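All remarks here apply to the structure that follows.
Labels below follow one simple rule: chain letters A, B, ... track the order of the sequence lines, proteins then strands, and each chain is numbered from 1. Bear in mind the structure is a predicted one, so any value in this text is a computation, not a measurement.
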Amino acid sequence: MSKPKINVYWFRKALRLHDNAPLLEASKSKHPLLPIFILDPLFLPDTRADYDDELASGALAGENQFQFLMECLQDLNENLKSMNSQLCVFLAQNPEEVFEQILKEFDVDSLYYEKDSEPYANERDAKIENLFKENSTKTVSAWGQTLTDLDEIKSHFKKTPKVYRSFMKVMGNHGDEIIVKPCEAVKSVPCLPKNLGNLQIFDGIPTMKEIGFPKKHEHTPFFGGETAALERMEKKLADKKWIAKFEKPKTSPATLEASTTVLSPYFALGCLSVRLFHFKVQKVYESQKSHAKPPMSLHGQLYFREWFYYLSYTIPNFHQMKGNPLCLQVDWDHNKEFIEKWHHGQTGFPWIDAIMRKLRQEGWIHHLARHSAACFLTRGQLWQNWEEGKKIFAMYLLDGDYALNSANWMWLSASAFFNSYYRVYGTESFPKKYDKSAKMVRKYCPELAKFPDKYIYCPWEAPKSVQKMAGCVIGEDYPDRIVDEKTAKQENMAKMKAAYKRKIRGNPNSVELKKRGEKRKEAPKVERKTKKKRFGKKKSKAD
DNA sequence: ACTACCGTTGTACAC
DNA sequence: CGTGTACAACGGTAG
């Protein structure tokens, strides 16, 4: 009996039907199409502690992003259903297992997927490519998470573009050729294979509970999915003047309603195409008399993203200080108490605490709020390694993204790209520029809500009588400051100066590159337990 | 080798 | 209120 011939589209990111070139190609084939998504345990919450390296390399989503991801899958499934297909979700120990199942059941003509630049993905995909090669099966993949083809643009750079400007030079000179035009949306797909045989497909899209998130998760203000993404994009694009005028530094980090587009969560998981947005913004620009220019404009933001993706794809150890040739080597402290207080919004600095609490609740904070919090944790006040902050951000951000999170933390800690380390964000002066009455502090640090404007960003300076009147005594109802801002700033600046004098950047050759999976072998117990708990329920094969 | 210039998004204070 | 300047001063790039 010969095996049925099919194609497989593998969704990982690119959780969309629009501007998805490999999916479009698959949709034009005459063979049945199996659209799959594989949830491997590296995505799951309770493996996080054991997989620190994988978290660093981008495999894991935090709870907020995970919920968002599930909504993307639901939306995708709905859209596929309306085309008489469906998304087939696999809960499996690793993707190889799934493809072995598929190859056993079917004669796969081609495997289609969008390329992914993260180290975790590179390794995963290399294994799968290998498996298909051994099986003499064709694979079709393309870049789509970025504006350009990251392999192709390599040839345009003689050396690493270490400043935005040199990256932009290439974009400026070759933009028309290297920025890929969006392709048409998929409107129909071939039917599913008639018989799914013994494939161990999860029934529908797993809920947070089914996957093992312990308690009910408070939803962020943002809902995942391609449908929501396109809606949001169109809504923003409708205000043409706003689009044309947009300059990032002129937007406020202190408003309750987001002052920017908040499309980043959709870009991060690929339920919105950056190419489509770039193209649509271009159309708006053309319709207006004048428009903002990079680096501040919306296009400028996309080019920053592109630059960081390119760097993260080509620079070794991009996610850490050690062995990262771009990253200044700094003798950061490791003070667990500081890190935890920063993490939980308990530093005693209302502006910082409000930012961190908002981040945890809502999964999105303004770019400059991220700057403020990141500067505070690293070179500004607490002198902690940026990697710690990056990991904590990754746990809560809806737009958590390997390339962008790493790059921005290096930027803010003045470890790379940016070196004016003497420019330190104040916890009072900075937010005051945007909002003297501190709406954000009053909302996210409600214990401080009754303080008068004069003391809202510096409640410790309020006389006891004022504190009592506000119903909030500092040190009792709200924490006292964990450092003295001025002293810490001065000390840290001096340390930063010394680090710059040493001029040491990471040496990739001096770092023993940990092989992925090593840790897994060291801790097989945890993994097996996880597998049973999670996956034993619906499936029978393992048991 | 040297110099001049530039860099998306700071603060504090003088006027 | 805005505008200008000192603060203390970096690395990358182009010439």
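- Remark: of the listed residues A/D401, A/D116, A/D125, A/D116 is the sole one forming a salt bridge (Lys or Arg N to Asp or Glu O under 4.0 Å) with A/K13.
- Note on residues 412-421 of chain A: no pairs pass salt bridge (Lys or Arg N to Asp or Glu O under 4.0 Å), not counting sequence neighbours.
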If you restrict it to nitrogen or oxygen atoms, what contacts under 3.5 Å exist between nucleotides 3-7 of chain C and the protein, and what is each distance?
none

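- Between A/W332 and A/T378, the shortest heavy-atom contact is CZ3-C, 3.7 Å.
- Between the C1' atoms of B/dA1 and C/dT13, the separation comes to 15 Å (whole Å).
- When the nucleotides B/dG10, B/dA12, B/dT8 are ranked by their closest atom to the side chain of A/P295, B/dT8 comes out on top.
- Screening residues 259-279 of chain A for salt bridge (Lys or Arg N to Asp or Glu O under 4.0 Å) gives no qualifying pairs among residues at least two apart or on separate chains.
- Nearest nucleotide to the A/M296 side chain, out of B/dT9, B/dT11, B/dT8: B/dT8.
- Here the P atom of nucleotide B/dT9 and the CG atom of A/L298 are 18 Å apart, to the nearest Å.
- The salt bridge (Lys or Arg N to Asp or Glu O under 4.0 Å) pairs that include a residue from residues 144-168 of chain A number zero, where partners must be two or more places apart or lie in different chains.
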Taking only Watson-Crick and G-U wobble pairs with both distances under 3.5 Å, what dot-bracket line describes DNA chain C, where [ ] shows pairs that cross earlier ones and | shows pairs with another strand?
.||||||..||||||
Cut-off 3.5 Å, no hydrogens considered: what does the side-chain donor-acceptor table look like for residues 379-386 of chain A, sequence neighbours left out?
residue : atom : partner : partner atom : Å
A/R379  : NE   : A/L412  : O            : 2.5
A/R379  : NH1  : A/Y421  : O            : 3.1
A/R379  : NH1  : A/R423  : O            : 2.8
A/R379  : NH2  : A/L412  : O            : 3.4
A/R379  : NH2  : A/R423  : O            : 3.3
A/W383  : NE1  : A/D331  : O            : 3.0
A/Q384  : OE1  : A/N335  : N            : 2.7
A/Q384  : NE2  : A/L382  : O            : 2.8
A/N385  : OD1  : A/E387  : N            : 2.9

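- Note on A/R423: a side-chain N or O is less than 4.0 Å away from OP1 or OP2 of B/dT9.
- For residues 448-464 of chain A, every residue pair satisfying the salt bridge (Lys or Arg N to Asp or Glu O under 4.0 Å) rule, not counting sequence neighbours, is listed here: A/R442-A/D453.
- Annotation: C/dG11 and B/dT11 have their P atoms spaced 23 Å apart (nearest Å).
- With sequence neighbours excluded, no residue forms a ring pair (Phe, Tyr, Trp, His ring centres under 6.0 Å) with A/Y309.
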Could you go over nucleotides 13-15 of chain B and give all protein N or O partners under 3.5 Å, atom names and distances?
none

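- When distances run from any side-chain atom of A/Y421 to the nucleotides B/dG7, C/dA9, B/dT11, the shortest one goes to C/dA9.
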Output a table of nitrogen or oxygen pairs between the protein and nucleotides 12-15 of chain C separated by less than 3.5 Å.
residue : atom : partner : partner atom : Å
C/dT13  : OP1  : A/S166  : OG           : 3.3
C/dA14  : OP1  : A/K169  : NZ           : 3.1

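- Near DNA chain C, defined here as any heavy-atom distance below 4.0 Å, the residues from residues 481-497 of chain A are A/K497, listed numerically.
- Among the nucleotides B/dA12, C/dG11, B/dT9, the one closest to the side chain of A/K248 is B/dT9.
- At a threshold of 4.0 Å, the pair A/E485-A/R481 does not count as salt-bridged, since none of the basic side-chain nitrogens sits closer than that to a carboxylate oxygen.
- Nearest heavy-atom pair, A/F277 versus A/L298, reported as atom, atom and distance to 0.1 Å: CZ-CD1, 4.3 Å.
- If you check residues 250-259 of chain A against DNA chain C, you find no residue with a heavy atom closer than 4.0 Å.
- One atom, CZ of A/R379, and another, C1' of C/dA8, lie 14 Å apart when rounded to the nearest Å.
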